[in-house]
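Shown next, in structure tokens, is the structure this report addresses.
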Number of protein chains: 2
Amino acid sequence: MLTEVIDMLTERQLLLLQVIIDDFIDTAHPVGSRALAKKGDIPYSAATIRNEMADLEELGFLEKMHSSSGRIPSEKGYRYYVDHLIKPISNNKYNGIVSKLITEGIFEFEQVVQMSAEILSDLTSYTAIILGPEVFETKLKQLQIVPLTSQTAVAILITNTGHVEHRSISLPEAINASDLEKLVNIINEKLVGLPVVKLQDMFYTEIAQIMKQYLDDYEKSMQYLKAIFATDYPVKVYVSGKSNMLMLPEFNDINKVRSFYSLMDREEEIVNLLKDSTPGIEVTIGNENEIEAIKDFSLITSSLHHGKEQMGTIALLGPKRMEYRKVISLLKGLSNEMTNTLYMWYKNDD
Amino acid sequence: MLTEVIDMLTERQLLLLQVIIDDFIDTAHPVGSRALAKKGDIPYSAATIRNEMADLEELGFLEKMHSSSGRIPSEKGYRYYVDHLIKPISNNKYNGIVSKLITEGIFEFEQVVQMSAEILSDLTSYTAIILGPEVFETKLKQLQIVPLTSQTAVAILITNTGHVEHRSISLPEAINASDLEKLVNIINEKLVGLPVVKLQDMFYTEIAQIMKQYLDDYEKSMQYLKAIFATDYPVKVYVSGKSNMLMLPEFNDINKVRSFYSLMDREEEIVNLLKDSTPGIEVTIGNENEIEAIKDFSLITSSLHHGKEQMGTIALLGPKRMEYRKVISLLKGLSNEMTNTLYMWYKNDD
DNA sequence: AATTAGCACTCAAGGAGTCGGAGTGCTAAC
DNA sequence: GTTAGCACTCCGACTCCTTGAGTGCTAATT
């Protein structure tokens with residue numbers, strides 16, 4: 001079946017398509033037959049190239065901006081390019097981003113992720129987006145409550161991945177220092193090792209029971225204390241390199257800039273965009289994207305999985321005219337490495 | 001002296017200048033004499049207005065974009081406007097941003113600051129920048145070290161303002177759980193209550209002494225442990241509403257967009273910009289700014305002080321054509337409120 | 001049969017003219 | 001001191017033209 005598709009095109013058309021797309025990715029200018037012939041990559045005259053181009057256009061792989069412009073790749077063209085023409089690229093160029101970070105003494109997963117995003121966007125000059133790692137599977141290592149004043153305190157949750165979550169709470173009047181200590185002990189005893197996402201439920205069932213015995217003013221105190229686990233743990237999004245995009249000729253149109261940045265302000269949409277990706281690299285080109293605002297971008301995602309559980313997503317957003325070759329191999333490398341790191345992380349988890 | 005300056009201009013010129021600047025702030029279009037006369041704000045003919053405008057231009061308060069355009073305010077014009085024409089505005093329109101946040105149960109200073117920035121930018125549609133609160137004066141409430149694996153741990157510093165700072169460290173081989181506990185106890189005993197900025201020094205002098213007695217492999221262990229206090233506590237910058245700027249007609253020029261966003265990417269420059277402001281509201285217009293990239297913006301800063309110590313800065317960055325009236329009263333209100341809040345915070349500090 | 005050369009045609013981009021509108025400065029009249 | 005009137009200026013939008021890079025098609029060449 002795969003060969004079928006390839007057979008649709010002659011050897012020469014394949015070569016041509018490849019060269020044209022490469023050229024356009026490089027320069028952002030429509031590619032003309034004459035210019036191509038002169039470049040010397042192709043041993044045919046401009047006329048021949050013209051004929052082939054016409055065929056490729058008829059087949060839907062190329063298109064023109066107007067009747068006498070050169071050709072630019074259509075989305076179908078890019079799709080074909082991504083699926084069939086950039087296979088043989090080895091990803092040996094990848095040199096461990098994560099391992100470098102770790103040798104620099106960065107152990108906290110979130111931080112590793114964040115810095116990876118930065119490196120990724122620097123390396124590609126596109127916008128890097130990293131989701132998660134989701135808190136699914138992340139387990140409570142320890143809870144602490146540190147009183148600040150008589151009415152306020154900070155609750156600190158530490159997870160097995162080295163993530164620290166903290167929030168300020170107000171303290172119930174009825175509680176004193178030793179009560180608080182007891183309470184924290186109970187909570188730790190009962191909840192440590194449990195997945196963070198389940199903490200809220202467990203607090204209501206397990207802990208509430210026990211607290212009834214200890215706390216005088218039970219009802220009221222609960223009021224205050226539930227705040228510790230109240231917020232849903234937000235999926236964290238790290239976006240890096242937004243202003244890289246401004247350098248692209250595609251962004252000479254101010255309205256594109258506006259719509260791009262307004263998307264970037266709507267964090268939830270980005271999360272939705274990346275939330276449900278399947279394992280492996282996935283390339284979505286232009287209108288293949290569901291969100292209006294990125295219909296003339298391409299998005300390349302690679303999701304991190306630990307077992308069946310999705311732990312996060314690494315993505316690069318750039319123009320349709322993306323350097324797919326480079327980006328895909330980078331992303332493959334990075335997500336492999338991250339998955340391994342994840343694995344190691346959870347192995348140490350006892 | 002002040003009256004002297006005011007006396008430079010006639011009553012009518014004052015009125016005119018005011019109306020012209022108001023109009024330009026509103027519409028971003030150069031203001032013409034005919035249009036002004038028609039609006040009915042001014043009981044003089046277009047010709048009279050023209051004459052006055054010519055005088056105001058000669059005095060340097062107005063300028064033209066080209067020989068037959070309407071007038072726009074010069075920087076000197078804005079300066080005069082800000083210094084003398086918007087005084088009588090009461091700031092009774094301000095309705096406690098911070099107090100609202102606090103009643104919503106937000107106690108941590110950093111979070112209050114961050115959300116204030118968001119509200120501020122929403123309210124003004126300019127870019128809000130908040131610096132700090134600086135960690136000067138912030139004191140250590142508690143230090144904790146939570147081991148994750150046998151080689152790694154998280155160190156958590158909690159300050160009296162409810163700020164939580166955490167970093168991942170690697171553990172020295174020679175240390176075991178009970179050693180670690182002892183160590184943490186020592187550190188807490190000696191360092192709690194000290195200003196966070198002094199911790200690093202104290203660690204080397206006070207703590208190092210004591211540790212020599214307890215730790216076998218002293219030298220090596222110090223290697224690892226100093227990481228806890230190693231990083232300088234970075235001044236935190238909260239920027240909100242960058243994309244608001246894109247809506248301004250001033251930003252139809254893509255190059256301005258580029259230079260603006262590239263400034264926003266260089267956090268240190270922003271910090272430098274705001275670091276050394278004197279108490280009170282300060283307005284810097286256009287070329288009065290030192291940084292090239294904001295020479296056609298205006299920046300309004302208001303610094304938070306606690307006693308003599310600068311605790312942070314609230315700022316709004318917008319076009320020279322800013323709604324100074326509104327912005328200044330807002331900023332006054334907010335910084336008053338924040339200063340008071342700061343004061344309360346530190347009162348509770350024992 | 002495949003390739004190439006040649007030619008007529010198309011379109012975008014950029015420069016040169018034209019025109020109307022909104023503004024100005026100046027002078028003379030009120 | 002104020003206003004009306006008039007000549008003048010400049011921007012921006014519009015049209016017209018030219019140029020260059022491209023195309024499609026046909027006929028000649030290999």
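The structure displayed is predicted, hence computed values, not measured ones. Residue numbers begin at 1 in each chain, while the letters A, B, ... track the order of the sequences.
Considering CG of B:L9 and CG of B:L59, their distance stands at 6.0 Å, rounded to 0.5 Å.
In terms of heavy atoms, B:I25 sits closest to B:R321 at O-NH1, 2.6 Å. Closest approach of B:E267 to B:V237, counting heavy atoms only: CG-CG2, 3.7 Å.
With sequence neighbours left out, the ring-ring contact (aromatic ring centres under 6.0 Å, His included) criterion links B:F61 to B:Y80.
Here the side chain of A:K242 pairs no donor or acceptor atom with the backbone of A:T127 at under 3.5 angstrom.
Within residues 34-52 of chain A, the residues having any heavy atom under 4.0 Å from DNA chain C are, by residue number, A:Y44, A:S45, A:A47, A:T48, A:R50, A:N51. For the segment residues 56-75 of chain B, the set of residues with a heavy atom within less than 4.0 Å of an atom of DNA chain C comprises B:K64, B:S67, B:S68, B:S69, B:G70, B:R71, in numerical order. Contacts with DNA chain D (heavy atom under 4.0 Å) in residues 20-33 of chain B: none are found.
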message = Would A:L334 and A:L330 count as a side-chain contact (heavy atoms from CB on, under 4.5 Å) here? Give the steps.
response = CA-CA 6 Å; A:L334 179 59; A:L330 246 179; 5.7 Å; no
request  = Go through A:R325 and A:D22 one step at a time and tell me if the side-chain contact (heavy atoms from CB on, under 4.5 Å) criterion holds.
outcome  = CA-CA 10 Å; A:R325 203 187 300 265; A:D22 280 342; 3.1 Å; yes
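With salt bridges taken as basic N to acidic carboxylate O contacts below 4.0 Å, one links A:K320 and A:E75. Taking 4.0 Å as the cut-off between side-chain N and carboxylate O, B:E250 and B:K256 do not count as a salt-bridged pair.
Counting only N and O atoms by type, the side chains of A:S259 and A:S262 include no donor and acceptor under 3.5 Å apart.
Sorted by first then second residue, the ring-ring contact (aromatic ring centres under 6.0 Å, His included) pairs that include residues 23-46 of chain A, not counting sequence neighbours, number zero.
Rounded to whole angstrom, the span from the CE atom of B:M53 across to the C1' atom of D:dT3 amounts to 16 Å.
Between A:Y261 and B:Y261, the ring planes lie parallel to each other; the angle is under 30°, not in the 30° to 60° tilted range.
Nucleotides of DNA chain C lying under 4.0 Å from heavy atoms of chain A occupy a range whose first and last members, 5' to 3', are C:dT3 to C:dA12.
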